[in-house]
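What follows is a set of notes on a single structure, which appears directly below.
Counting convention: from 1, in listed order, for ligands and their atoms alike.
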Amino acid sequence: MLHLLPLSILALLPLSTSTPLTKSTPLPLIIWHGLGDNYDADGLHTVGDLAIETNPGTFVYYIRLDENPDSDKTATFLGNLTEQIAQVCADLASHPILSTAPAVNALGFSQGGQFLRGYIERCNYPPVRNLVTFGSQHNGIAKYQACGPTDWLCKSWIGLLKGNTWTQYVQAHLVPAQYFRSTNDTTGEPDADYLEHSNFLADINNERELKNATYAANLAKLDKFAMYVFEDDTTVIPKESAWFAQTNLSSGHVTALRDRAIYKEDWIGLKALDEKGGLDFKTTKGGHMALSDKVLVEVFETYFAPGKAKKASWDGVVDRVQELIEL
Ligand SMILES: *[C@@H]1O[C@H](CO)[C@@H](O)[C@H](O)[C@H]1NC(C)=O
Ligand SMILES: *[C@@H]1O[C@H](CO)[C@@H](O)[C@H](O)[C@H]1NC(C)=O
Ligand SMILES: *[C@@H]1O[C@H](CO)[C@@H](O)[C@H](O)[C@H]1NC(C)=O
Ligand SMILES: *[C@@H]1O[C@H](CO)[C@@H](O)[C@H](O)[C@H]1NC(C)=O
């Protein structure tokens, strides 16, 4: 009854791989791309191919909000992140392979990094075992980044953002506004407008009075969370956001995560994760998203190789995949 299975599912099964699916098969890898990129882009697939080359047998899934690459790209600027993350949660939970895996590894580029964190905190099914983020805005952005010179769609929307960040319309529609974080430089405290109106970041960072304990529990369950900062990042302002640090824009003084309330009072489980040795602060050379194969291979070997992280084997998946085929 093989014909009952949609073709798209068959195409996803890694049966043609020359590597046998054994107990040391690496966990699947989910990759969430950044602003202005799309799930089908060549550059992104080069990264996925390198992950497979490094850890043969890896099943790679590129997170998308739409099967059409242009629409998926548009969704990096436009949309309500609550709905986008809920959609990704539903997609992964119903995916024929990912939903049968005991866990997955996750790689987030730029804004995709904090969105993966949102996925983990809110849904985490399938659960993420190791999370690696590159140049992500975990503590938000204090300024909007410049769009590419010919990126008119981005330009027109960023224009609308300025001065309107905290309106309901902007918070419901413009993606970067939902991780914009404004603070009072004198006190270092987040602005009341941010706490009240932020549709994404203030919530997933548990900055409001009412904290969601599930968020902290889910993040603390990770084996490893590695956060990469690009040394010369001028796109993300401030770049230290990639380490959850707080930057005083007037003085340039940086308050490290471990000195902040979000950590000391453990609002989202980062302290618990750190205390079990699961939080890695990493730097890499270059500007925003200047990724070399060398750094990527290092990441794949350190965080995503089977047997490296504890329990990182995908026991029984072969049987389940087999069952799917034989349905
Ligand atoms: C906390 O988050 C979980 C997961 O998204 C959700 O099911 C739950 O309703 C939230 N709890 C509160 C008090 O908001
Ligand atoms: C975003 O979507 C959620 C779920 O549909 C909704 O509850 C929320 O009000 C929306 N956000 C804004 C700012 O409208
Ligand atoms: C920042 O906080 C200080 C001290 O509470 C206050 O005097 C000042 O008006 C605030 N600045 C802004 C721009 O709200
Ligand atoms: C930020 O820097 C300014 C200028 O040096 C200083 O006046 C202010 O007190 C600093 N804010 C905090 C919270 O330390």
Taking 4.0 angstrom as the limit, do R122 and D203 come out as a salt bridge? yes
If only side-chain N and O atoms count, and only distance matters, is there a donor-acceptor pair under 3.5 Å linking Q111 with Y179? yes
Should Y169 and N164 be marked as a side chain to side chain donor-acceptor pair (under 3.5 Å) after you check the CA-CA gap, both sets of side-chain angles, and the distance that decides it? CA-CA 9 Å; Y169 180 84; N164 294 307; over 6 Å; no
Closest to atom 4 (C) of ligand 2 among protein heavy atoms sits E83 OE2, 3.7 Å
In plain terms, say whether E207 and R181 are close enough for a salt bridge, that is, a side-chain N and a carboxylate O under 4.0 Å apart. yes
Among non-hydrogen protein atoms, atom 1 (C) of ligand 2 lies closest to N80 ND2, 1.4 Å
Taking the minimum heavy-atom distance to atom 3 (C) of ligand 3, which of N184, T183, D185 ranks first? N184
For T186, the atoms of ligand 4 under 4.0 Å from one of its heavy atoms are 9 (O), 11 (N), 12 (C), 13 (C)
For atom 5 (O) of ligand 4, the protein heavy atom that lies nearest, with its residue and separation: S251 CB, 3.5 Å
Closest to atom 2 (O) of ligand 4 (heavy atoms only, candidates T187, N248, L249) is N248
For the ring pair (Phe, Tyr, Trp, His ring centres under 6.0 Å) test, which of F115, F134, F109, Y39 pairs with W32? F115
Here the atoms of ligand 4 under 4.0 Å from any heavy atom belonging to G188 are 13 (C)
For atom 14 (O) of ligand 2, find the nearest protein heavy atom and state the residue, atom name and distance (0.1 Å precision). Q168 NE2, 2.6 Å
Using a strict cut-off of 4.0 Å, indicate which atoms of ligand 2 neighbour a heavy atom of A172. 12 (C), 13 (C), 14 (O)
Donor-acceptor pair, distance only, cut-off 3.5 Å: does the side chain of Y61 make one with the backbone of P28? no
N130 and N105: side chain donor to acceptor below 3.5 Å: yes
Are any of the protein's heavy atoms under 4.0 angstrom from atom 11 (N) of ligand 3, yes or no? yes
